[in-house]
Number of protein chains: 2
Amino acid sequence: MRRGSNQLRLADFNQAVVLDVLRRAPGASRADLRRESGLSPQTISNITRRLIDDGLIRETEPAGGVRGRPSIPLVVDSDGAFSVGVHIDPARLTTVLLDLDGQVRLRRQERTPQATNPPEVTALIAATADAMIHEAGVDRDRVLGLGIAAPGPLDVHAGVIVDPPQLPNWRNVNLRADLSDATGLPVLLDKDVTAAATAELRSSTAPSNAFVFLYLGSGVGASVVVDNQVLRGVTNNIGEVGDIIVDTDAEQLEWAGRRGGLAAACVPEALVIQAARLGLVPLPDLTDYVAIDDACTAVCAQAVAGNSGATWILARAARRVAVGLGVLVNLLDVPRVVLGGPLWNRLSAAFLPVLTELVAEELVVARPDLVVEGSSVGEHVAAQGAAELVLDHFLAPRAAALLVGEA
Amino acid sequence: MRRGSNQLRLADFNQAVVLDVLRRAPGASRADLRRESGLSPQTISNITRRLIDDGLIRETEPAGGVRGRPSIPLVVDSDGAFSVGVHIDPARLTTVLLDLDGQVRLRRQERTPQATNPPEVTALIAATADAMIHEAGVDRDRVLGLGIAAPGPLDVHAGVIVDPPQLPNWRNVNLRADLSDATGLPVLLDKDVTAAATAELRSSTAPSNAFVFLYLGSGVGASVVVDNQVLRGVTNNIGEVGDIIVDTDAEQLEWAGRRGGLAAACVPEALVIQAARLGLVPLPDLTDYVAIDDACTAVCAQAVAGNSGATWILARAARRVAVGLGVLVNLLDVPRVVLGGPLWNRLSAAFLPVLTELVAEELVVARPDLVVEGSSVGEHVAAQGAAELVLDHFLAPRAAALLVGEA
DNA sequence: AGGTTTAGTCCATCGGATGGAAAAAAGGGT
DNA sequence: ACCCTTTTTTCCATCCGATGGACTAAACCT
């Protein structure tokens with residue numbers, strides 16, 4: 001259903017554009033905004049006045065040194081708006097408080113309670129969010145909302161976690177309603193990979209506005225950014241890449257995943273099973289994701305320490321992941337691949353030095369500009385992304401926001 | 001680079017929205033347009049007056065029968081604009097003349113001259129386009145442009161065919177400049193799969209605005225439609241899916257493609273090699289794509305006639321294609337898969353009855369609404385899509401058109 | 001001090017969307 | 001036959017946001 005647009009939307013959109021430019025380029029002057037946005041000086045003048053009145057941006061001290069009247073640098077008022085982002089990973093629960101400037105004000109991480117009921121975790125999340133808002137001394141009216149990043153499948157429209165394979169107790173949990181009741185904040189639920197890509201898109205200074213984000217956590221997922229937009233798919237469940245075949249000669253693991261699939265190549269569960277076969281670590285309880293995570297940490301540490309078995313496992317994993325990334329780059333025609341997620345900083349030492357070349361070998365269309373890199377955000381990328389999603393939802397220019405009609 | 005918008009763009013955009021609605025729903029009244037677009041009656045009145053003055057739409061006879069003033073049905077004036085679409089396939093050269101209503105006025109298909117020089121083919125295309133415009137008695141001023149669908153890799157920005165593996169002589173051919181000089185028309189070059197998806201998007205009445213299009217021709221490619229937009233990728237070379245592994249136990253073919261890859265599973269070359277191994281057809285000259293195409297036609301005919309070897313080959317191909325489609329659906333989260341291209345109507349008898357179920361078995365997230373279907377456009381889908389791309393380029397509402405700034 | 005350069009604002013205007021009133025064109029009811 | 005209702009479409013005045021041009025402001029340069 002294509003809908004038209006009108007002037008009121010236009011004004012909001014342009015205001016969002018200006019704020020967005022300023023979030024990406026702090027200290028830009030009105031003249032810079034004019035150049036960047038293509039709007040007239042007068043329009044910029046009006047919009048910045050409104051934004052200053054709303055407390056979302058402020059002027060800073062002019063710096064001289066150049067001919068002409070010195071420009072007045074504008075910056076996002078970091079106290080202008082906040083959001084809380086939560087990442088529910090089977091092994092770790094991460095919460096961040098983000099300000100409008102994109103800075104993480106506070107961060108907390110704890111182990112995800114295993115084998116408990118969702119209500120307990122919901123209550124824990126709500127309490128944590130409240131405590132962080134209070135601890136940071138933030139005006140509650142300035143908190144735009146609570147973002148939740150969770151593994152799929154989700155029903156984002158309804159705000160429900162449907163049936164994540166790695167969170168066995170979480171079936172049809174109405175997270176949005178529960179958390180909204182508990183905190184009084186608007187709640188946004190989205191997939192972990194979508195959130196991660198959003199955080200990466202925001203914080204990266206790379207010129208490319210298109211990339212594939214490979215999320216490595218207790219599971220593996222991908223998301224796609226094209227033209228500064230994070231693709232979501234029709235039901236917001238984009239990125240199920242675990243079943244992509246990456247090794248035709250892979251061994252069968254005692255594991256539910258597909259033989260030779262990407263998940264079997266790089267998920268902690270699979271890596272730990274492979275390591276246990278070589279006797280590197282004892283096989284942990286495969287229903288305890290914290291135990292799996294710890295065992296995986298041990299294997300990665302062995303590789304760093306020079307253990308040949310562990311090194312071999314990770315080198316093979318890198319080759320397999322490269323095949324999967326090749327599929328994505330070939331299909332989606334993007335020049336950049338970003339890897340991140342809770343598992344990434346344990347794998348990056350083994351992966352990063354070799355991955356660019358391995359992926360390049362997979363490409364059908366040669367791509368000398370190909371970049372494969374680690375996330376610039378870090379381990380808490382999904383939680384930060386969940387918070388970014390909230391800010392973006394209220395503040396970012398979306399073409400859809402230009403169209404008149406429904407909610 | 002995010003840019004703002006202004007009122008002039010707004011007017012153009014709304015005009016495009018109205019025309020677009022009318023192209024999808026012929027006979028809609030001004031009141032219908034108001035409901036569909038969300039714009040005010042007055043705005044619709046103004047826009048429709050402009051469109052009528054421009055000869056792009058016209059009023060038809062009101063039909064009574066309901067209370068109230070009868071609405072005046074508006075239809076796209078099929079003589080209001082035209083475009084020519086050309087599909088360069090290694091085996092077939094297809095040209096269509098499309099009117100604004102989306103109807104194919106004329107269509108021609110010939111075998112692609114093998115082992116000739118691009119200048120000859122360019123001259124042939126220009127002559128064909130001219131002849132068709134003349135034959136149809138179309139006012140040349142109403143021809144918006146010439147669209148070319150070609151296999152990748154392309155440099156769409158420059159209008160250059162870079163180095164298609166199946167068109168050995170076509171390296172760095174500046175198709176846009178050559179054809180623009182020869183015909184005096186604006187020329188739009190785009191990838192065959194992108195064009196095909198565009199045609200499908202336009203002609204399909206299905207409610208879903210998101211699907212994956214699997215293009216089966218002399219090669220295999222995919223394109224993705226999300227939210228009524230055809231994804232293009234950063235360099236317009238989206239959809240290289242031939243190397244996706246779809247069978248871990250596939251045999252090695254005497255062929256350049258990847259063992260077990262999607263191309264090896266369903267491309268005419270690979271099918272013919274498989275059939276020749278079983279003695280079903282003599283192995284043709286593998287540099288002559290017309291010969292390969294004919295041999296492939298023979299194999300498909302044998303399957304229809306009940307030959308068990310040919311049937312087995314196509315059934316295996318269907319299973320392999322389903323694995324590839326599963327990868328795409330899992331990754332992109334779309335509820336619909338459309339198959340088309342020059343090869344499709346030879347394969348559909350073997351593929352369609354089984355493909356939906358085979359793909360469903362591949363999905364990580366169950367999707368009861370999954371639809372796998374053949375293109376509603378037919379064999380000339382890429383040529384028609386190339387023509388549609390021209391119409392869309394000049395007439396369709398694109399969010400990007402709302403933004404001020406560069407060309 | 002005056003010229004130059006760049007930044008930002010004031011004012012009048014323009015273009016486009018809109019709400020309300022009105023006109024138009026039918027059917028339904030008495 | 002007449003009036004009322006319903007629905008479509010247009011006219012008019014108005015509103016709102018963007019814009020161009022003139023103007024002010026504040027630096028550096030010579």
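Fair warning: this is a prediction, and the values are worked out from it, not measured in the lab. Throughout, a chain's letter reflects where its sequence line sits, starting with A, and its residues are numbered from 1.
As judged by a 4.0 angstrom heavy-atom cut-off over every strand, B:Arg50 is placed among residues making no nucleic acid contact. Within the nucleic acid shown, A:Arg34 has no heavy atom closer than 4.0 Å to any nucleic acid atom. Here B:Pro41 lies in heavy-atom contact (under 4.0 Å) with a base. Using a 4.0 Å heavy-atom criterion, one finds that B:Ile44 contacts no nucleic acid atom at all.
For C:dC10, the OP1/OP2 oxygens have a side-chain nitrogen or oxygen of A:Arg49 closer than 4.0 Å. Look at B:Arg35 and you'll find a side-chain N or O under 4.0 angstrom from OP1 or OP2 of D:dT8. OP1 or OP2 of C:dT9 sits under 4.0 Å from a side-chain N or O of A:Arg30. For the OP1/OP2 pair of D:dA18 and a distance below 4.0 Å, the side-chain nitrogens and oxygens of A:Asn14 include at least one atom meeting the criterion. At C:dA7, none of the side-chain N or O atoms of A:Ser71 fall inside 4.0 Å of OP1 or OP2 (strictly under the cut-off).
If you measure from atom CD1 of B:Ile72 to atom P of C:dA24, you get 13 Å, rounded to the nearest angstrom. In this structure, the CD atom of B:Glu59 is 10 Å from the C1' atom of D:dT9, given to the nearest Å. Summarising the geometry, the separation between CG on A:Leu33 and P on C:dT6 is reported as 18 Å, rounded to the nearest angstrom.
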Any protein N or O atoms within reach of nucleotides 13-16 of chain D? Criterion: under 3.5 Å, listing atom names and distances.
residue, atom, partner, partner atom, Å
D:dC16, O2, A:Gln7, NE2, 3.3

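Side-chain atoms of A:Glu200 and A:Ser375 form a donor-acceptor pair, as typed in the model, at a separation below 3.5 Å. At a cut-off of 3.5 Å, with distance as the only test, no side-chain donor of B:Thr183 or B:Arg140 sits close to an acceptor on the other residue.
When the nearest nucleotides of DNA chain C are assigned to A:Ala31 and B:Leu10 by heavy-atom distance, the more 5′-ward of the two goes with A:Ala31. Two residues, A:Asn6 and A:Arg67, neighbour DNA chain C, and the one matched to the more 5' nucleotide by heavy-atom proximity is A:Arg67. Across the interface with DNA chain D, nearest-nucleotide mapping of A:Ile47 and B:Asn46 shows B:Asn46 to be the residue nearer the 5′ end.
A salt bridge is absent between B:Arg49 and B:Asp53: the closest approach of a Lys/Arg side-chain nitrogen to an acidic carboxylate oxygen does not fall below 4.0 angstrom.
For A:Ser40, counting side-chain heavy atoms from C-beta on, the closest listed nucleotide (D:dT8, D:dA18, C:dT18) is D:dA18. Closest to the A:Pro70 side chain, of the nucleotides C:dT9, D:dA27, C:dA17, is D:dA27.
In terms of polar N and O atoms assigned as donor or acceptor, the side chain of A:Arg69 never comes within less than 3.5 Å of the base of C:dT6 in a complementary pairing.
When side chains are defined from C-beta on, B:Arg105 does not count as touching B:Leu98, because their heavy atoms never get closer than 4.5 Å.
Panel note: side chain A:Asn14, backbone B:Ser5; a donor-acceptor pair is recorded below 3.5 Å. Between the B:Ser83 side chain and the B:Ala387 main chain, a donor and an acceptor come within less than 3.5 Å of each other.
Of the candidates A:Leu179, A:Ile133, A:Leu144, A:Ile133 is the only one forming a side-chain contact (heavy atoms from CB on, under 4.5 Å) with A:Leu185. Looking at A:Val390, A:Asp139, A:Val138 one by one, the single match for side-chain contact (heavy atoms from CB on, under 4.5 Å) with A:Phe82 turns out to be A:Val138.
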